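Everything below concerns the one structure shown next.
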Amino acid sequence: SELFVIASFLARRLPFYYGWVIVAVSGCSMLARNAAGSLTLSVFFYPMSRDLGWSRTVMAGGSSIGGLLSILGSPISGWASDRIGCKWVMVCGIFVLGISTFCLGLVRNIHTFYVVYGLGRLIFIGPIPIAASVVVSRWFIKKRGRATGLLFLFQSLGMAVLPYVAALFIQTNGWRDTWMLMGVLVWAVALLPVIFFIIQTPEDVMLTPDNTKGEAIQSHESSELDIPDWTLQQAVRTKSLWLFAISTGIMFLIQSGTNVHQAAYFMDQQLSITAAALAVSITGVTAGASSVLWGWLVERFRCRLVFVSVAITMGVSVGLFPLIHGPQQAIVYSAIFGLSVGGILVVPPVVYADYYGRTSLGIIRGVTEPFIAIGQA
């Protein structure tokens, strides 16, 4: 309750809308979750397989296990986001992710790796992104696209920075110490900001979605703005929900499969580990830069057309990867791929919120997220 008082005081006193604080703090958790991201793991493939004698295919099984676990974990995360609050879902997720990432530096056999990395991957897919995007969608309606774009800008920043930082530390300190460092970074970047500053809805502090500082709720303004407000039972009866969930899952199948093997594939093409890590980081940079663009587009154009544009961009970029024969091509094609990654990160959360409203958004996202988990697995 004392933490809520602090956040409530700030929400009513800041010279700007507190929803942007929610975006920034949720973004810290999205940045930190990349410790278990497939791009980060791809940087560890060569040194770990060399030292431990594991093939890349065997190591990629850790991502698959985490994805399969998320089939059960995502609905629970969505339910918990609605019932106990997005803050505590994020806090628990960040806490567990820090431990699991640190413990990757201690693994000696493949079974332990599967357990530890699979747990981190479960957190990466389920609790953190569901809770972070749901709480942002509850603070914004008219500016939801921009807010979600900024949220995933943090995610993309993590995609760009963490693999490159990991590659640099691996060269000087080895992969074991680097995993431990990543675990500490998870807590340092995200844990305290989420504990102190996340508030479930603007109504909890007498504000309205998209509103400016100090404008109180009057006669249920927010519910009038947020016209759709579906229950889970109503949403699951619509064909649109399942068509969108399945198509999103297929696109994440392509994205995750490319991410996991991207750095190692570049090294197969005779790129150095530094050049490969740079190209992978470019994917994160362009994903981040395009996040705001996709958020702007989904506010202004029909979401179906925007999502088709994302799919076309991804198809083109993956089709170009076999043509890579040097670092310049790797960087350019990774940039195009990153553009599509920004789209699949930003557009789906906005569409779910726009179609089905804020009240049961957590559990609706939780029920559909297993399609993404299956694709990533």
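What you see is a predicted model, and the numbers here were worked out from it, not measured in a lab.
- Between W230 and Y355, the distance separating the two ring centers is not shorter than 6.0 angstrom.
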Kindly determine whether I99 and C103 satisfy side-chain contact (heavy atoms from CB on, under 4.5 Å), including the steps that lead there. CA-CA 6 Å; I99 293 175; C103 289; 4.2 Å; yes
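- No side-chain heavy atom of Y18 sits less than 4.5 Å from a side-chain heavy atom of V205.
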Audit row: I336, M314, side-chain contact (heavy atoms from CB on, under 4.5 Å) steps and yes/no: CA-CA 8 Å; I336 301 172; M314 179 167 287; over 6 Å; no
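- Aromatic ring orientation, W296 versus F301: perpendicular (interplanar angle above 60°, classes split at 30° and 60°).
- In this structure, I198 and S26 approach most closely via the heavy-atom pair CD1-OG, 3.5 Å.
- Put simply, L243 and I246 are part of two different groups of oily side chains (I, L, V, M, F, W, Y) that touch within less than 4.5 Å, one to the next.
- With values rounded to the nearest 0.5 angstrom, Y17 atom OH is found 5.0 Å from W139 atom CH2.
- N259 is listed as a side-chain neighbour of F337, based on a closest heavy-atom distance under 4.5 Å.
- Note on L271: it clusters hydrophobically with V318, by side-chain heavy-atom contacts below 4.5 Å among ILVMFWY residues.
- What you find for I199 and D204 is that their closest heavy atoms are CG2-CB, 3.9 Å.
- Without hydrogens or angle criteria, S256 side chain to F252 main chain gives no donor-acceptor distance under 3.5 Å.
- Using a 4.5 Å cut-off on side-chain heavy atoms (C-beta onward), Q171 and T274 make contact.
- We find that E299 and R144 are not joined by a salt bridge, their nearest charged nitrogen and carboxylate oxygen being 4.0 Å or further apart.
- Here the CG atom belonging to L69 is positioned 10.0 Å from the OG atom belonging to S74, to the nearest 0.5 angstrom.
- No more than 12 heavy-atom neighbours from other residues, nucleotides or ligands sit within 6.0 angstrom of CZ on F95.
- Rounding to the nearest 0.5 Å gives a distance of 8.5 Å between OG of S156 and CE of M30.
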Derivation of the side-chain contact (heavy atoms from CB on, under 4.5 Å) call for F152 and V341: CA-CA 10 Å; F152 283 95; V341 172; over 6 Å; no
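- Between F44 and W179, the ring center distance clears the sub-6.0 Å criterion.
- Ring planes of F140 and W20: tilted class, angle from 30 to 60°.
- A 4.5 Å side-chain heavy-atom check between L10 and R13 finds every atom pair outside the cut-off.
- Aromatic pair F113/W54: centroids less than 6.0 angstrom apart.
- With rounding to the nearest 0.5 angstrom, the CH2 atom of W88 is 14.0 Å from the OG atom of S81.
- Taking 4.5 Å as the limit, every side-chain heavy atom of I130 sits out of range of all side-chain heavy atoms of V89.
- Between L106 and M180, some side-chain heavy-atom pair lies under the 4.5 Å cut-off.
- Under the 4.5 Å side-chain criterion, counting only non-hydrogen atoms from C-beta, V310 is in contact with M251.
- Contact detail for P202 and P209: the closest heavy-atom pair is CG-N, 3.8 Å.
- Of the residues L232, T238, D229, the one that meets the side-chain contact (heavy atoms from CB on, under 4.5 Å) test with Y356 is T238.
- Rounded to the nearest 0.5 angstrom, I76 CD1 and W79 CH2 are separated by 9.0 Å.
- The line from CG of L153 to OG1 of T148 is 12.5 Å long, rounded to the nearest 0.5 Å.
- The distance between the ring centers of F244 and Y352 falls below 6.0 angstrom.
- Under the 4.5 Å side-chain heavy-atom criterion for grouping Ile, Leu, Val, Met, Phe, Trp and Tyr, L181 is not connected to F102 through any hydrophobic cluster.
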Evaluate the criterion side-chain contact (heavy atoms from CB on, under 4.5 Å) for residue pair L68 and I71; output intermediate values, then yes/no. CA-CA 5 Å; L68 294 173; I71 296 172; 3.9 Å; yes
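- Residues R358 and S137 have side chains that never bring a donor and an acceptor to within less than 3.5 angstrom of each other.
- Ion pairing between D51 and R108 fails under the 4.0 Å rule for side-chain N and carboxylate O.
- Outside the 6.0 Å centre-distance limit, the rings of W175 and F169 are not counted as a close aromatic pair.
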